[in-house]
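Have a look at the structure below before the remarks.
In listed order, ligands and their atoms are each counted from 1.
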Amino acid sequence: MEVIVPILTPFNPDGTINREALKTHAHNLLEKGIDLIFLNGTTGLGPALSKEEKKEALKTLSDITDRIIFQVGELNLNHVLELVKFSSDYGVRGIASYSPYYFPRLPEKWLIKYFQTIVSHSSHPVYLYNYPLATGYDISAELLSRSGLELAGVKDTNQDLSHSMKFKSTFPKMKVYNGSDTLAFYSLVSLDGTVASMANCLPTLFVEMKRAISQGDLRKALIHQRLISSMVEMARKYGQLGALYVLTEITQGYSVGKPRPPIFPLDEGEEKELRKEVENFLKGLGVTA
Ligand code: ELE
């Protein structure tokens, strides 16, 4: 049962990656009990990072840990293979990729060929990052079983937990995670774990929820899930990906810089409003985030 964080990418005002802030944040999350870091995911603004920035992020984190799943997805397969090759020099736990996106009506065989090419070039275990809402394609358990692909695992970002569980029943040996914060409790109970964006700002809540489940205290674990879901609702009012930078600074006590447009930082008034809302929320609960 694992709690994996799709780590946010701290940016400097000039839009470059703030490497020290990334290291500080990653170190803090691992110290607080997060099991693995999913690098260059959606929360990390992976699709908006160049391949060189993806490499820079891996070099940065590799200074402090190998508990990394390195996301390599790009819309240029040559760049993907360059990232796959680059990762072979690092002791990561695996690499992952979302499917090709934006282009409509791609034949299923092209999607399979994309992943087959990655698997055939990778020296690390390969994970599928399935996110139909974001990519427009559902690499489902059925498709995967038709493809003959041998994958180490799947991160299925899907509000339909049964869709994720179908991977588990079809491929019992494969690691299966769900990537939705609002389903984290159920992912920890019924899958191999959760990949949760809100673990950036609420690592202790996720770790405590996992501990409560392992101790059989499901009532306590569900209370943690309700707190997490409340924070997701707050964040979504402002744009979750941007709000997460403010939430992390509030709860973790250090700056993680700003997001990079087109994921815009919150404006002054929004930040003030969110800070007030969250501080009241946390004060009312007396919990450590
Ligand atoms: C989820 C996203 C979206 C987490 C990543 C993740 O950021 O790479 O349920 O759409 O809000 O994919 O946070 O989750 P939803 O794995």
Side-chain angles (χ1 to χ4, degrees), residues 2-11 22 25-26 29 34-49 53-54 57-58 61 67-74 83 92-99 101 126-139 151-165 167 175-188 191-203 205-206 209 225-226 228-245 247-248 256 259-260 262-263:
E2 294 165 296
V3 177
I4 303 175
V5 63
I7 196 163
L8 58 75
T9 304
F11 293 98
L22 179 57
H25 185 40
L29 295 174
I34 293 294
D35 295 294
L36 279 176
I37 292 175
F38 189 88
L39 186 58
N40 308 325
T42 305
T43 305
L45 309 193
L49 296 178
E53 288 173 325
K54 288 187 175 79
L58 178 59
L61 281 200
R67 287 155 57 185
I68 300 166
I69 295 177
F70 179 54
Q71 201 288 123
V72 297
E74 294 258 338
L83 289 166
V92 295
R93 299 296 169 84
I95 66 170
S97 181
Y98 27 71
S99 75
Y101 50 89
V126 178
Y127 290 74
L128 159 67
Y129 178 8
N130 188 46
Y131 194 179
L133 176 68
T135 61
Y137 292 99
D138 180 14
I139 313 294
L151 298 179
V154 58
K155 168 175 62 155
D156 186 32
T157 294
N158 216 301
Q159 286 296 316
D160 174 4
L161 188 68
S162 65
H163 185 277
S164 305
M165 292 178 76
F167 282 105
K175 289 266 189 184
V176 181
Y177 308 103
N178 180 284
S180 291
D181 294 290
T182 50
L183 296 175
F185 167 84
Y186 308 97
S187 306
L188 287 165
L191 301 171
D192 294 291
T194 177
V195 183
S197 184
M198 295 302 276
N200 279 282
C201 63
L202 300 171
L205 267 188
F206 279 89
M209 178 163 67
Q225 177 61 67
R226 276 202 288 277
I228 292 161
S229 300
S230 303
M231 287 286 256
V232 169
E233 262 175 63
M234 274 185 240
R236 283 185 177 167
K237 285 191 294 192
Y238 304 89
Q240 184 171 341
L241 289 172
L244 191 61
Y245 287 73
L247 292 174
T248 302
V256 284
R260 185 168 70 185
I263 307 299

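Under the 4.0 angstrom criterion for non-hydrogen atoms, Q71 is not in contact with ligand 1.
Here the closest heavy-atom approach between residue Q71 and residue K54 is recorded as O-CD, 3.8 Å.
Panel note: side chain D156, backbone N158; no donor-acceptor pair is recorded below 3.5 Å. A side-chain donor-acceptor contact under 3.5 Å links Y245 to the backbone of T9. In this structure, the side chain of T194 does not engage the main chain of A184 through any donor-acceptor pair within 3.5 Å.
Look at E53 and R260 and you find a salt bridge, because one of the NZ, NE, NH1 or NH2 atoms lies within 4.0 Å of a carboxylate O, short of that distance.
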Where do L83 and F70 land on the side-chain contact (heavy atoms from CB on, under 4.5 Å) test, with the steps shown first?
CA-CA 9 Å; L83 289 166; F70 179 54; 4.0 Å; yes

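In this structure, K155 forms no cation-pi arrangement with Y177, as its terminal cationic atom is not both closer than 6.0 Å to the ring centre and no more than 45° off the ring axis.
The single protein non-hydrogen atom nearest to atom 3 (C) of ligand 1 is Y131 OH, 3.1 Å, given as residue, atom name and distance. Looking from atom 9 (O) of ligand 1 to the surrounding protein, the closest heavy atom is S180 OG, 2.8 Å. Protein heavy atom closest to atom 12 (O) of ligand 1, with residue, atom name and distance, is Y129 OH, 2.6 Å. At the top of the distance list for atom 6 (C) of ligand 1, counting protein heavy atoms only, stands K155 NZ, 3.2 Å. Scanning all protein heavy atoms for the shortest distance to atom 4 (C) of ligand 1 gives G179 O, 3.3 Å. In terms of protein heavy-atom proximity, atom 13 (O) of ligand 1 is nearest to S197 CB, 3.4 Å.
Less than 4.0 angstrom separates some heavy atom of G41 from each of these atoms of ligand 1: 8 (O). Which parts of ligand 1 touch Q159 is read off a 4.0 Å heavy-atom cut-off, strictly below it: atoms 9 (O). Per-residue contacts place V195 under 4.0 angstrom from the following atoms of ligand 1 (heavy atoms of the residue considered): 4 (C), 16 (O).
Of all the heavy atoms of R236, the ones lying under 4.0 Å from any atom of ligand 1 belong exclusively to the side chain. Residue contacts with ligand 1, taken as heavy atom pairs separated by less than 4.0 Å, involve T43 via backbone and side-chain atoms alike.
Checked against a 6.0 Å centroid threshold, the rings of Y129 and F38 count as neighbours.
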